[in-house]
Structure formats: C-alpha cells, structure tokens
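Heads up: the structure comes next, in structure tokens.
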Amino acid sequence: MTDRWALAPAEDGGVDVAPLGPDGLPAGPVRRESDLAGAVRSRPEVTRWVWRSTAEVYPRLLATGVRVERCYDIEDAETLLLGHEGRYGEPRSAAAALARLRGGPVPPDPPQRAAEPGAQSPLFEPAGAHLPLPDLLAVYTEQQRRHQEAAHPDRMRLLTAAESAGMLVAAEMNRSGLPWSAEVHRALLHELLGERYAGGGEPRRLAELADEVSAAFGRRVRPDLPADVVRAFAQAGIKVKSTRRWEIESVDHPAVAPLLEYKKLYRIWVAHGWSWLQDWVRDGRFRPEFLAGGTVTGRWVTNGGGGLQIPKVIRRAVVADPGWRLVVADADQMEPRVLAAISRDAGLMEVAGRDSDLYQSVSDRAFSGDREEAKIAVLGAVYGQTSGDGLKNLAALRRRFPKAVAYVDEAARAGEEGRLVRTWLGRTCPPAAGSGEDTAEEAGIPGGEEEPEGRSGWVPGYASTDSRARGRFARNFVVQGSAADWALLLLAALRRALWDMAAELVFFQHDEVIVHCPAQEAEAVVQAIRDSAALAGRLTFGDTPVRFPFTAAVVECYADAK
DNA sequence: GCCGGATGCGCC
DNA sequence: AAAGGGCGCATCCGGC
C-alpha cells in the first residue's frame with residue numbers, strides 16, 4: 001500500500017502539498033506550508049512523492065538530511081512518454097505538457113547548462129518551475145492515462161518508476177561523492193609524469209618523451225599535434241592516415257614507442273592531472289554530477305570531471321575512509337545475458353541461466369572452445385560489426401542461437417526503415433533524422449539524407465551508408481538500452497536494501513557499482529548486491545532462467561578490485 | 001574572440 | 001586482427 005502525495009515548491013519559498021488517492025487523483029485539498037523539508041519530514045508515512053523535477057527538489061531535501069523512499073518525476077516521465085509516443089523532440093517541461101493538455105502555446109525547453117567545477121548544482125529554473133500544484137496534478141493524471149496507452153503499460157509504468165528511483169540515487173551519489181585521496185593522486189602523478197615545471201608547461205616526463213620523439217624523427221615534432229606527427233611520418237616514408245593508437249602501433253619506426261607513451265601520459269596530464277584534482281576533488285571526495293537517463297539508450301552520463309572515464313591507473317586514488325571499505329561489483333557478461341532475456345532464445349537463456357563464464361559456454365557450444373572467438377562474435381552481433389572475424393563467426397552464432405540473432409537483426413531492420421525501436425521496458429529510440437526533423441541528430445542518432453524514392457524499403461546490401469548506421473544504432477540500442485533498464489531496477493533495489501545501513505552507493509558506471517561502507521557491513525553489502533541483481537532481473541524481464549551474477553571485491557582501494 | 005567540427009582517447 | 005555501439009572532454013583549427 002503506497003501512500004502518495006504530490007508536492008510543488010512555491011515562488012515565495014513555501015511549498016504546496018496534496019494527498020493522492022489510490023487512483024492517483026487528488027484526494028484532499030492543497031495545503032500551503034512554509035518549508036519544503038519540514039513538509040516532507042512531517043509526513044514519514046508517505047512512500048511516494050510526486051513532483052516536477054527530482055533535480056530541483058531532492059538536493060534541497062538531502063541538504064537538510066531528509067531522504068524519501070520513492071518519487072515520481074513528472075518531467076522525466078514526460079520525456080519517456082513523448083519518446084514512446086514517437087514524439088521525440090517536443091518540449092518536455094511540465095509547462096509544455098500542460099500547454100499541450102490545455103491547447104495553449106507550448107513553451108520551448110530552456111537550453112541545458114554545462115556543469116562548473118564545484119558548483120553545488122543550483123539548477124537553472126526552467127519555465128514553469130513553479131507550476132501551481134493543481135496544474136502539475138492535471139499533467140500527472142494525463143500521464144497516468146498515457147501509460148495505459150503504451151505498448152506494454154505495466155512495463156512503461158515500471159520504466160518511469162525506475163528512472164525516478166535512479167534520479168534519487170543520482171542525487172544521493174552527487175551528495176556523497178566518491179572517496180578520493182588527493183595525496184595518493186599527487187604521488188601517482190609525480191611517479192608517472194615527473195616534476196611539474198613552473199609556468200604550467202609539460203611536466204618533466206612528457207618533455208623527455210617529446211624530445212625522444214623529435215630525436216627519432218631527426219627534427220622537432222610536437223607529439224600533441226596530430227598533423228605534425230602525420231607529416232613527420234610522411235617525411236620518414238611512412239604513410240599514416242591518422243595518429244590513432246591502433247594505426248600507429250603497427251608501424252615500425254623508433255618514434256612509435258615514445259610517441260605512444262607520450263599520448264598515454266599526455267592524456268592523464270590533461271584529463272586527470274593536477275588541475276583536474278584542483279577542480280574536482282574537495283574534502284576527500286570526487287563529485288561528478290551524475291545524470292540518470294542522460295543518453296538515448298538510458299545509460300547515465302556525468303557532467304564534469306569525466307566521472308565515467310576514470311582511467312584504470314588513476315583508480316589508485318580512490319581510497320575508502322579509515323575503517324571503511326569499498327565494495328566494487330560489476331555484472332558478468334551483462335550484454336549477452338540481457339540479449340538472452342529480451343530475445344527469449346532457448347539456447348542463450350540456458351547458457352545465461354548459469355553463473356559461470358557465459359562466453360566460455362557459448363564457445364563450447366558454437367566455437368569449439370575458443371572463448372575469445374565467441375566473445376567477439378557475440379559483441380559483433382550486438383554492435384553490428386561489418387567485417388572481420390566477428391562477421392565470419394556470426395553464422396555459427398546464428399545457427400546455435402537463432403532467436404537471439406534474429407532479435408537484433410529485426411531491430412536493425414526497424415532502425416534502417418525508420419520505425420520505432422524500444423527497449424524491453426519501453427524506452428524508445430528516436431527515429432532517424434529526416435526531412436524537417438533535426439532533433440534525432442542533435443541527440444546523436446545517425447541521420448543524413450532521406451532515402452531515395454523507391455529504395456526506402458529494406459533491401460539487404462542496398463541500404464545507404466546512413467541507413468546502415470541507423471541499423472547498427474538500433475541493433476545496439478535494444479541491448480544496451482534494455483541493460484540500462486535492468487540497471488535502474490538494480491540500483492533501486494540496492495538503494496532499498498541499503499536503506500538502514502551506514503553503507504552508501506557512491507558510484508555507478510553502466511554495469512558496475514561501488515558501495516562505501518564500514519568494514520563490518522561489507523559482506524552484507526555484497527549479498528545485497530547479488531540479491532538486488534536477481535530481483536532486478538525478475539522485475540525487468542519477468543519469468544526467465546537468466547541470471548545476473550556479479551564479480552564483487554571488498555577492497556580499501558578501487559585499483560585493487562581487479 | 002567566439003564557436004562548431006574534427007581528432008583522439010578515457011571508460012563501459 | 002580490425003575498427004561495430006554508447007558517452008565526456010581536452011585540444012586544435014578554420015571560419016566568422
């Protein structure tokens with residue numbers, strides 16, 4: 001039995017609240033209270049708060065020590081519902097939703113603002129930030145109806161609820177931050193890069209490597225300028241199209257080794273060096289701003305600090321507080337397990353129904369024991385590989401796991417034809433950018449020109465480069481996106497499991513979580529993660545034999561986890 | 001001087 | 001061995 005209330009901050013700093021009945025309709029008069037946190041704190045019986053924007057409300061609650069069990073984020077639901085209805089790109093604010101409901105002019109969404117180092121997320125106030133509570137409730141009621149119209153209403157309700165839960169998790173992680181030792185980080189930088197020189201130039205080791213590169217070429221070369229490097233190789237009689245690592249590393253030339261080393265260390269210097277430390281680490285915590293559902297597939301992103309791209313070597317600086325531990329857990333072979341669950345392929349479900357190494361099992365069945373071959377084939381099928389060994393082995397995969405391969409093939413075909421493609425729970429891939437619609441391309445979807453007349457149907461081998469790109473995108477979308485669906489449920493379940501513990505979720509990266517907890521809680525946390533993964537599997541995908549095992553490590557330092 | 005695109009690489 | 005999917009971000013470069 002959930003006790004649902006709605007809440008809307010008012011312009012004068014007060015807050016309006018109203019109880020909702022079991023049907024989600026207002027079940028009592030709107031009440032004005034003077035204080036947001038007080039209004040929530042004084043109603044501990046409320047299990048779900050309905051509000052416009054979690055990012056607006058929840059950080060303010062957390063700042064006063066108030067957590068909520070569940071919420072419903074109206075603007076996030078609006079985004080998901082619009083996508084599901086094939087109306088990607090329409091303004092997603094509550095004010096816009098109200099205007100569509102009432103037939104008024106629809107206000108455009110405000111532009112997104114980039115994060116600044118250390119900014120405590122005093123989010124912009126979009127149009128309609130103070131939509132009166134009755135208006136907000138009108139939008140909410142209409143959204144309830146729209147859920148009913150979805151392809152799978154139950155799944156759609158689960159999706160909006162899960163992403164709202166994800167937003168609570170994100171806000172809490174933004175507040176807690178990832179334990180970070182600036183001291184260890186500085187020692188690491190000194191060890192890797194050498195001394196910093198006054199004036200902000202390259203540190204010693206980079207300067208030395210640049211000199212080695214120049215010496216190898218017999219002239220001054222700036223290794224950080226790709227054009228300069230390509231020219232230098234050309235003068236040495238070696239044609240390279242770019243200076244990407246995979247292209248350079250096969251070249252036989254004395255400059256290659258110092259060049260690759262330079263690029264590796266240069267990366268660390270500019271992206272995770274001293275100025276990064278200065279900008280992003282405060283009071284022993286790294287605080288990237290996590291954004292749930294920041295991508296079209298539902299994967300999260302972080303704003304600022306490159307929070308989801310912490311290089312392996314730098315993880316040495318992620319250190320638990322004294323007496324505390326980091327529980328680092330990542331899902332084993334998440335993508336093929338998700339593919340098994342969504343395709344219901346009997347063979348792949350059987351393989352995914354065991355905790356043991358899935359790629360090895362696939363390989364035993366279809367690739368005579370070569371695990372790497374099996375892994376490449378599976379990932380190639382999911383990513384839409386167009387050449388190489390993966391393609392060659394796709395045929396073997398197709399024979400053994402026909403429904404699984406057919407599932408992603410069908411998604412690719414739908415994508416090429418510009419049809420809607422959905423994750424298991426109903427997150428919807430934007431259609432291709434076509435005439436008059438540029439929103440899909442803004443969202444990163446491969447677009448391009450309209451297909452020529454008479455060729456819009458899907459014909460193997462005759463699709464344009466653009467439509468093939470859209471096919472690959474859609475193929476990957478159903479797997480990556482359904483994995484993101486599952487991950488949201490995992491986070492929601494884990495958050496509940498940790499509710500009464502000192503343990504804190506401090507990091508989430510697609511298929512990996514880090515929980516910071518007192519040492520004596522660590523084993524319970526590991527169990528909570530395994531239980532939550534299983535629960536998430538059942539809730540997301542229903543009754544399947546597919547299992548979602550985790551590799552978990554209890555460590556004091558992130559770098560020791562693998 | 002601002003801005004968008006290209007390049008390249010970190011993570012999954 | 002070859003180059004499929006999703007991102008963020010720093011830097012350079014050319015256009016205005």
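Just so it is clear: chains get the letters A, B, ... in the order the sequence lines come, proteins before strands, and each one is counted from 1.
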For nucleotides 2-9 of chain B, 5' to 3', base contacts (B), sugar-phosphate-only contacts (S) and non-contacts (-) with protein non-hydrogen atoms under 4.0 Å give ------BB
Show me the side-chain donor-acceptor pairs of residues 475-484 of chain A shorter than 3.5 Å, one per line, residues at least two apart or across chains.
{"residue": "A:Arg475", "atom": "NH1", "partner": "A:Ala381", "partner atom": "O", "Å": "3.2"}
{"residue": "A:Arg475", "atom": "NH1", "partner": "A:Asp409", "partner atom": "OD1", "Å": "3.1"}
{"residue": "A:Arg475", "atom": "NH2", "partner": "A:Asp409", "partner atom": "OD1", "Å": "3.1"}
{"residue": "A:Asn476", "atom": "OD1", "partner": "A:Gln480", "partner atom": "NE2", "Å": "3.1"}
{"residue": "A:Gln480", "atom": "OE1", "partner": "A:Thr297", "partner atom": "OG1", "Å": "2.7"}
{"residue": "A:Ser482", "atom": "OG", "partner": "A:Trp424", "partner atom": "N", "Å": "3.0"}
{"residue": "A:Ser482", "atom": "OG", "partner": "A:Val478", "partner atom": "O", "Å": "2.6"}

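Pairs of residues two or more places apart, or lying in two chains, that qualify as salt bridge (charged side-chain N to carboxylate O under 4.0 Å, His left out) and include a residue from residues 241-261 of chain A are A:Glu261-A:Lys264.
At a threshold of 4.0 angstrom between heavy atoms, the contacts of A:Thr302 are confined to the sugar-phosphate backbone, with no base atom among them. Within the nucleic acid shown, A:Leu225 comes within 4.0 Å of sugar-phosphate atoms alone, with no base atom in reach, counting heavy atoms only. Within 4.0 Å of A:Gly305, counting heavy atoms only, lie sugar-phosphate atoms of the nucleic acid but no base atom.
The CZ atom of A:Phe477 sits 17 Å away from the C1' atom of C:dG4 (whole-angstrom rounding). Counting to the nearest Å, the P atom of C:dA3 and the OH atom of A:Tyr383 are 17 Å from each other. Distance CZ (A:Arg470) to C1' (C:dG6): 18 Å, rounded to an integer number of Å. In this structure, A:Ile376 atom CD1 and C:dA1 atom C1' are separated by 8 Å, rounded to whole Å. For the pair A:Asp370 CG and C:dA1 P, the computed distance is 14 Å after rounding to whole Å. We find that CZ of A:Arg475 is positioned 14 Å from P of C:dG4, with the value rounded to whole Å. Rounded to whole Å, atom P of B:dG10 lies 20 Å from atom CH2 of A:Trp280. To the nearest angstrom, C1' of C:dG6 lies 13 Å from CZ of A:Arg427.
Here the straight-line distance linking atom NZ of A:Lys312 with atom CZ of A:Arg315 works out to 5.5 Å at 0.5 Å rounding. To the nearest 0.5 angstrom, A:Arg196 atom CZ is 9.0 Å from A:Arg186 atom CZ.
Between A:Arg299 and the phosphate of C:dC7, there is no side-chain N or O to OP1/OP2 separation shorter than 4.0 Å. For the OP1/OP2 pair of B:dC12 and a distance below 4.0 Å, the side-chain nitrogens and oxygens of A:Lys312 include at least one atom meeting the criterion.
Using modelled atom types, no side-chain atom of A:Arg337 and backbone atom of A:Phe548 make a donor-acceptor pair closer than 3.5 Å.
Remark: A:His510 engages no residue in a side-chain hydrogen bond (donor to acceptor under 3.5 Å, both in side chains) (not counting sequence neighbours). By the side-chain hydrogen bond (donor to acceptor under 3.5 Å, both in side chains) test, A:Arg205 pairs with A:Glu208, sequence neighbours left out.
If A:Glu247 and A:Ala271 are placed on DNA chain C by their nearest nucleotide, the residue sitting closer to the 5' end is A:Glu247.
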Which is it for A:Arg371 and A:Ser363 under the side chain to side chain donor-acceptor pair (under 3.5 Å) test, yes or no, and what are the steps along the way? CA-CA 5 Å; A:Arg371 181 185 188 276; A:Ser363 144; over 6 Å; no
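Residues from residues 507-514 of chain A with heavy atoms under 4.0 angstrom of DNA chain B, sorted by number: A:Gln509, A:His510, A:Asp511.
Each of C:dC7, B:dC11, C:dT11 was ranked by its minimum atom distance to the side chain of A:Val270; first place goes to C:dT11. Here C:dC12 is the nucleotide among C:dG5, C:dC12, C:dC7 with the atom lying nearest to any side-chain atom of A:Arg222.
Salt-bridge formation is not detected for the pair A:Asp370/A:Lys375: no Lys NZ or Arg NE/NH1/NH2 atom is positioned less than 4.0 Å from an Asp or Glu carboxylate oxygen.
Around the CZ atom of A:Arg547, the shell of radius 6.0 Å holds no more than 12 heavy atoms that belong to other residues, nucleotides or ligands.
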